[in-house]
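Chain naming here is simple, since letters A, B, ... match the order of the sequence lines and numbering starts at 1 in each.
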There are 2 protein chains.
Amino acid sequence: MSNSELNKKEDSFKVVQQRFEEYLQKKGCRKTPERLEILKLVYAQKQLFCLDFLYLELEKKYRVSRATVYNTLSLLLECNLVKKHILGSDGKVQYEKAYKNNKHYIICTACGTAKEFRNEYLKKYLPSMTFRGFTSQHHSVYIYGVCGKCAKKQ
Amino acid sequence: MSNSELNKKEDSFKVVQQRFEEYLQKKGCRKTPERLEILKLVYAQKQLFCLDFLYLELEKKYRVSRATVYNTLSLLLECNLVKKHILGSDGKVQYEKAYKNNKHYIICTACGTAKEFRNEYLKKYLPSMTFRGFTSQHHSVYIYGVCGKCAKKQ
DNA sequence: TTTACTGCAAATATTTTGCAATATC
DNA sequence: GATATTGCAAAATATTTGCAGTAAA
């Protein structure tokens, strides 16, 4: 990654952190090291992840409980910094960062695989849509179907 | 609803029922009255619903267990006849029919409300997209943000 | 100094599984 | 007739809550 790209990423995280801290303040919640560490770890992920992945990663370095991870993910969900999904037919809950993360997925409902696809048009068109009174912040597009591998098996 | 609309709806359900029955056969599963009743009830819903809503509705007329509802919803998920979601910040699981039900939602992450919006362009564009080996069957679009009501409260 | 947050453990909620009876094929 | 599915209850998972100690404001 180039220097300018790294700077961009750091700036972006500053915005994220600020939004979280403002939300906490507005809600009368405290800024704790646990909450910040969880936010950092969430934003270090490029893929979908489950709650226990976060917990197990955090556990390696800090003393932290699952209850705190649940609590923090709920806060992040409320202030639009995290998305929570159920994709595929396995029915498992997955999370991903939300800020500037407008993803488009194709999902095989047979094997549960979620694969990202890029589409510049959607990326521009969807954020440009307006709705009375509604301030949009990010979006997700899911196209469900059956992948090549599973189609062969059937 | 006009006669022709009613016929259309019935025809559409025939296709759904046939797809389900074919899937059951392919998988070596049996066609049971419980499974058909659950499918019917799912397709009678115009909105998102939770599993327990189905169970409580079914219970009024039939002897059926939650385990069967879970089992059947999993089967319907696998054969792309049902979608499973987590929308909003309450983190609750919701379901909806999938066949010919390509919905677009705006979701307020503050109050958890999911509101459908119509967009003819997306409705046509998304199903027309092609991916190597992947057969797409239905889609969902979610635009997350904060609704007017919640923006005022903050 | 006040009180929200923490970890831990217990409580709840959600989902899955084991089993004997039943119904589909 | 063979066996997958059922309801029920018990087990396994996932999530939330109560509590006493700790730490942010």
Side-chain angles (χ1 to χ4, degrees), chain A residues 17 20-42 48-79 82 84-95 112, chain B residues 17 20-42 48-79 82 84-95 112:
Chain A
Q17 186 175 341
F20 189 34
E21 291 178 358
E22 277 169 9
Y23 179 72
L24 290 174
Q25 184 148 49
K26 186 157 54 188
K27 224 195 158 194
C29 293
R30 286 177 184 167
K31 201 166 76 181
T32 68
E34 289 83 356
R35 287 174 176 167
L36 182 58
E37 281 309 322
I38 293 168
L39 181 68
K40 272 187 195 165
L41 188 55
V42 164
L48 296 160
F49 54 86
C50 64
L51 185 137
D52 243 43
F53 166 82
L54 286 189
Y55 169 70
L56 294 170
E57 281 298 305
L58 289 161
E59 210 196 14
K60 291 177 189 168
K61 295 171 72 180
Y62 311 94
R63 192 164 159 270
V64 72
S65 68
R66 276 196 181 79
T68 301
V69 183
Y70 276 106
N71 162 5
T72 305
L73 283 177
S74 294
L75 290 168
L76 291 173
L77 208 59
E78 285 167 25
C79 65
V82 158
K84 186 175 181 182
H85 304 289
I86 293 187
L87 307 173
S89 49
D90 63 345
K92 294 280 174 247
V93 170
Q94 291 183 294
Y95 297 86
Chain B
Q17 186 175 341
F20 190 33
E21 290 178 359
E22 276 168 10
Y23 180 71
L24 290 175
Q25 184 148 48
K26 185 158 55 187
K27 224 194 156 193
C29 293
R30 287 178 182 166
K31 201 165 77 181
T32 67
E34 289 84 355
R35 286 175 178 166
L36 183 57
E37 281 309 321
I38 292 169
L39 180 68
K40 273 186 196 166
L41 188 54
V42 165
L48 296 160
F49 54 87
C50 64
L51 187 137
D52 243 43
F53 166 82
L54 285 189
Y55 169 70
L56 294 171
E57 283 296 306
L58 289 161
E59 210 196 13
K60 291 178 191 168
K61 293 173 72 181
Y62 312 94
R63 192 162 158 271
V64 71
S65 69
R66 276 195 181 80
T68 301
V69 183
Y70 275 106
N71 162 4
T72 304
L73 282 177
S74 294
L75 290 169
L76 291 173
L77 210 58
E78 285 167 25
C79 64
V82 158
K84 187 174 180 181
H85 305 288
I86 293 187
L87 307 173
S89 49
D90 63 346
K92 295 279 173 247
V93 171
Q94 291 182 295
Y95 297 86

Rounded distance in Å - NZ (B:K31) to P (C:dC25): 6 Å

Nucleotide D:dA14, atom C1' - distance to NZ of A:K92 in whole Å: 9 Å

Between C:dC5 (P) and A:L75 (CG): distance, integer Å: 8 Å

Straight-line distance of A:T68 OG1 to A:R63 CZ, nearest 0.5 Å: 10.0 Å

Length of the CG-P vector between B:L24 and C:dT24, whole Å: 13 Å

Nucleotide D:dT16, atom P - distance to CG of A:L73 in whole Å: 10 Å

Nearest-angstrom distance from the residue atom CG of B:L77 to P of C:dT16: 11 Å

Residue pair A:E21 / A:Q25, side-chain donor-acceptor N/O under 3.5 Å: no

Flag, side chain of B:R35 to backbone of B:V69, donor-acceptor distance under 3.5 Å: no

Pair A:E78-A:Y23, side-chain donor/acceptor within less than 3.5 Å: yes

With the criterion being N/O to N/O and under 3.5 Å, what pairs connect the protein with nucleotides 6-10 of chain C, and how long is each?
| unit_1 | atom_1 | unit_2 | atom_2 | d |
| --- | --- | --- | --- | --- |
| C:dT6 | OP1 | A:T32 | OG1 | 3.0 |
| C:dT6 | OP2 | A:N71 | ND2 | 3.1 |
| C:dG7 | OP1 | A:R63 | O | 2.9 |
| C:dG7 | OP1 | A:V64 | N | 3.4 |
| C:dG7 | OP1 | A:S65 | N | 3.0 |
| C:dG7 | OP2 | A:S65 | N | 3.2 |
| C:dG7 | OP2 | A:S65 | OG | 2.6 |
| C:dG7 | OP2 | A:T68 | OG1 | 2.0 |
| C:dG7 | O3' | A:R63 | NH2 | 3.3 |

Chi angles and distances behind the side-chain contact (heavy atoms from CB on, under 4.5 Å) call for B:E59, B:L56: CA-CA 5 Å; B:E59 210 196 13; B:L56 294 171; 3.8 Å; yes

Value in whole Å for how far the P atom of D:dT3 lies from CZ of B:R30: 9 Å

Integer-rounded Å distance: D:dT5 C1' and B:Y70 OH: 18 Å

From CA spacing to verdict: side-chain contact (heavy atoms from CB on, under 4.5 Å), A:K84, B:L87: CA-CA 7 Å; A:K84 186 175 181 182; B:L87 307 173; over 6 Å; no

